[in-house]
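Presented below is the structure to which this report refers.
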Amino acid sequence: MKKDLQATWFMIKLAWTSQEKKAIVLSLLSAGLAVATSLVNLYVSPTILSAVERRAPVAELAMTIAGFTLALMFVSGASSYVNANTMYGRISVRMEIINLVNRKVETTSFPNLDDDGFLKLEARSMESICSNQSSGEAIWTTMTNLLADMTGLILYAGLLTSIEPVLILVILATAAAGWLIGNRINGYGYRHREEEAETEKKMEYLFHCSSDLKAAKEIRLFGMRPWLVELRDKAVGAYRAFHWKAEGVYLWARVADLILTFLRNAAAYGYLIGLVLQNRIEVAEFLLYFAAASGFSEWVTGVLGELNTLHRQALDISIIREYLDYPEPFRFEGGRRIPERADQNHEIRLEGVSFRYPGAEKNTLTGIDLTLHPGEKLAVVGLNGAGKTTLVKLICGFLDPTEGRVLLDGEDIREFDRAEYYGLFSAVFQQFSLLAGTIAANVAQKEEDIDGERVRECLEKAGLWEKVKSLPSGCETRLNREVYDEAIMLSGGETQRLMLARALYKDGPFLVLDEPTAALDPIAESELYQKYDEMTEGKSSVYISHRLASTRFCDRIVMIGDGGICEEGTHEELLARGGRYAGLYEVQSKYYREGEMEDGEK
């Protein structure tokens, strides 16, 4: 009950603070009109019948009928109008929740994105706001219906109390019993939802495989169609079997409801007919009280059903609230401002830094001492899985060390506003975001207030301007054909240059490249890295690559191995030392030489 009240208050407060007060007002009006419609329908027949019984004048009878007709027209019309407009405010409130959820995932501390608990809450939160029928919007309908049911229940109870309180108890008992039985039986689907979801998941997967154009070649070459059809038929059969079984169970709920309805109506009929025979009530009153008894039963069932629905929806809303309140290990707005420096020459130093991922048995990195000096070009190399990317995440502030400190100009970065710290970095990662939009928007990473001249300058420096200039729409050319039919596709090298232009546009004091060219051939990678080197003169840069030849232009190279820095120096110094770096470089250079010889033979 506490969570139900908290969820209700959360939705009301959100509607109020998001300037969607109409969602509250229209829900109150909808509930009031629903009760008013029920009351008008309740009294119309008994009132007209009473006028006929006492032989009222034709004019009075006509006025009575006209009055009820107008009343029904008014409440029905008003109810239709209100109900048609309630959805807009409710959708707006749900969109506000979607904005809050999206803002959480967009701004949350990076470690949360690897936290299973956080990711599960995010997934369940999105399920609760993904449609008009989801809890994030449907709870308004439940609250409105519950208010109407409770109001009607009180009014009808007051009406029935005037004749016989025992009748109320009979109706309450039969209605509650019917609801409990029906709720238990109808809950079969909810209790077995995982079994149903499993069959649906298999069907959806097989339908997707059958229609996926990417699988078209394999389906034809390997003759997979009969196999897919067999699997699909089995999945559909399992789905049908589940629902046949469920329908058989639901049938008993309908039978129980029919029996209890018969008993309730028989008791009401018998008691009210007895009152008529004893001349204690008129026929018109009989009709009124019997309709009230039936209506009271519906209000009782409605209250119980809506409370049950509200509880389920409140649990979903509670999950959303838990997600929004998920703890943040980093400081954002509450952190210190980063001191401004006119020359933008900052130093980053790692002191005794160790890091272990949650649940891991050992550290990924241990005891790292490393300084990135202002204007220095630092290369980080090593075998796959050595911890290069983890080191970059620590430098960029995406992760905090398990032990040790990461210092910016001598101060622990945990004390700073982390979002402001991120502003110091321009970066290109292996996985980057190329969003549906114009080339200019992808360079500037925004839709408005784009400096067109600066975009062009960055594209020129990145070596992509000639390509962009040749396009009919230039910088306004759209990317991503999944959204825009007229969009173009850039090659791998062109995309990398676009990412360089984006990094140049941001113009942060630190540049980080985390193997963004892994998909390119060694020569193309080396050329692109040289381009990075030319365009970022004077900036502090960190280059990560598993191809050692690509980073030999750097001021210093550190090689990561065995969870730490195993070698450090310039390219020439490390080759002269004859250690791991030299051995790995020899293997790679030999491979490239062999490849060139084979190409020459061909």
Side-chain angles (χ1 to χ4, degrees), residues 1-28 30-31 86-150 183 187 190-191 193-194 197 303-335 358 400 417-419:
M1 180 60 71
K2 182 178 179 181
K3 285 190 175 182
D4 299 355
L5 294 174
Q6 289 175 339
T8 302
W9 175 245
F10 172 79
M11 297 300 295
I12 293 173
K13 183 179 178 182
L14 185 62
W16 190 272
T17 56
S18 63
Q19 304 303 314
E20 290 298 336
K21 300 180 181 66
K22 61 178 175 287
I24 303 171
V25 174
L26 292 178
S27 291
L28 292 173
S30 181
T86 53
M87 63 177 292
Y88 301 111
R90 296 173 181 182
I91 290 174
S92 296
V93 176
R94 179 166 63 88
M95 293 304 297
E96 181 63 23
I97 299 176
I98 291 175
N99 289 337
L100 291 174
V101 170
N102 287 339
R103 191 176 303 129
K104 179 69 174 182
V105 73
E106 290 165 359
T107 61
T108 191
S109 303
F110 192 81
N112 284 345
L113 300 179
D114 286 327
D115 185 336
D116 286 341
F118 179 85
L119 296 177
K120 287 178 181 178
L121 285 175
E122 180 196 357
R124 294 187 63 183
S125 295
M126 292 304 299
E127 288 177 5
S128 300
I129 51 177
C130 64
S131 69
N132 302 109
Q133 291 72 41
S134 56
S135 298
E137 184 176 331
I139 193 172
W140 286 103
T141 301
T142 304
M143 292 190 296
T144 301
N145 292 342
L146 182 58
L147 179 60
D149 291 340
M150 293 180 70
N183 185 61
Y190 182 76
R191 293 191 299 275
R193 61 190 181 281
E194 293 184 3
V303 167
L304 294 173
E306 297 299 343
L307 283 174
N308 190 43
T309 302
L310 179 64
H311 180 67
R312 290 202 304 269
Q313 293 170 341
L315 292 177
D316 291 337
I317 300 300
S318 296
I319 289 171
I320 294 174
R321 294 174 61 230
E322 184 180 353
Y323 172 73
L324 296 177
D325 294 334
Y326 203 84
E328 293 291 347
F330 296 166
R331 293 187 179 185
F332 288 100
E333 295 180 359
D400 278 342
D417 179 329
R418 194 60 62 96

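The first residue in the sequence is number 1, and the count goes up from there.
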Please report the C-alpha distance between Asp325 and Glu322 in whole Å, then the side-chain angles of each, then the deciding distance to 0.1 Å, and finally whether the side-chain contact (heavy atoms from CB on, under 4.5 Å) criterion is met.
CA-CA 5 Å; Asp325 294 334; Glu322 184 180 353; over 6 Å; no

Other residues, nucleotides and ligands only: do more than 12 of their heavy atoms fall within 6.0 Å of [atom1] on [X]?
{"X": "Lys120", "atom1": "NZ", "value": "no"}
{"X": "Arg321", "atom1": "CZ", "value": "yes"}
{"X": "Met87", "atom1": "CE", "value": "yes"}

Would you mind reporting whether [Y] and [X] have side-chain heavy atoms less than 4.5 Å apart?
{"X": "Leu307", "Y": "Met150", "result": "no"}
{"X": "Phe332", "Y": "Ser109", "result": "yes"}
{"X": "Trp140", "Y": "Ile24", "result": "yes"}
{"X": "Lys13", "Y": "Met11", "result": "no"}
{"X": "Ile91", "Y": "Met95", "result": "yes"}

From [X] atom [atom1] to [Y] atom [atom2], the distance as rounded to the nearest 0.5 Å:
{"X": "Glu137", "Y": "Ser92", "atom1": "CD", "atom2": "OG", "result": "9.0 Å"}
{"X": "Lys104", "Y": "Asn112", "atom1": "NZ", "atom2": "CG", "result": "6.5 Å"}
{"X": "Thr309", "Y": "Leu304", "atom1": "OG1", "atom2": "CG", "result": "11.0 Å"}
{"X": "Thr144", "Y": "Leu26", "atom1": "OG1", "atom2": "CG", "result": "9.5 Å"}
{"X": "Leu310", "Y": "Thr142", "atom1": "CG", "atom2": "OG1", "result": "6.5 Å"}
{"X": "Ile320", "Y": "Leu315", "atom1": "CD1", "atom2": "CG", "result": "11.5 Å"}

Considering the options Thr108, Leu100, Val101, which one meets the side chain to side chain contact (heavy atoms under 4.5 Å, CB included) requirement together with Tyr323?
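Testing Tyr323 for a side chain to side chain contact (heavy atoms under 4.5 Å, CB included) against Thr108, Leu100, Val101 leaves exactly one candidate, Val101.
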
Between Arg90 and Thr141, is a side-chain contact (heavy atoms from CB on, under 4.5 Å) present by the stated rule, with each step listed?
CA-CA 9 Å; Arg90 296 173 181 182; Thr141 301; 3.1 Å; yes

Could you walk me through whether Glu20 and Leu14 pass the side-chain contact (heavy atoms from CB on, under 4.5 Å) test, one step at a time?
CA-CA 8 Å; Glu20 290 298 336; Leu14 185 62; over 6 Å; no

Test your reading of the model: is there a side-chain donor-acceptor pair from Ser134 to the backbone of Ser131, 3.5 Å cut-off?
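Side chain of Ser134 to backbone of Ser131, a donor-acceptor pair under 3.5 Å: yes, one is there.
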
Please lay out, stage by stage, how Asp114 and Leu119 fare under the test side-chain contact (heavy atoms from CB on, under 4.5 Å).
CA-CA 8 Å; Asp114 286 327; Leu119 296 177; over 6 Å; no

Any idea which heavy atoms bring [X] and [Y] closest together, and the distance?
{"X": "Phe110", "Y": "Phe330", "answer": "N-CE1, 3.9 Å"}
{"X": "Cys130", "Y": "Arg94", "answer": "C-NH1, 3.9 Å"}
{"X": "Ile97", "Y": "Gly136", "answer": "CD1-O, 4.1 Å"}

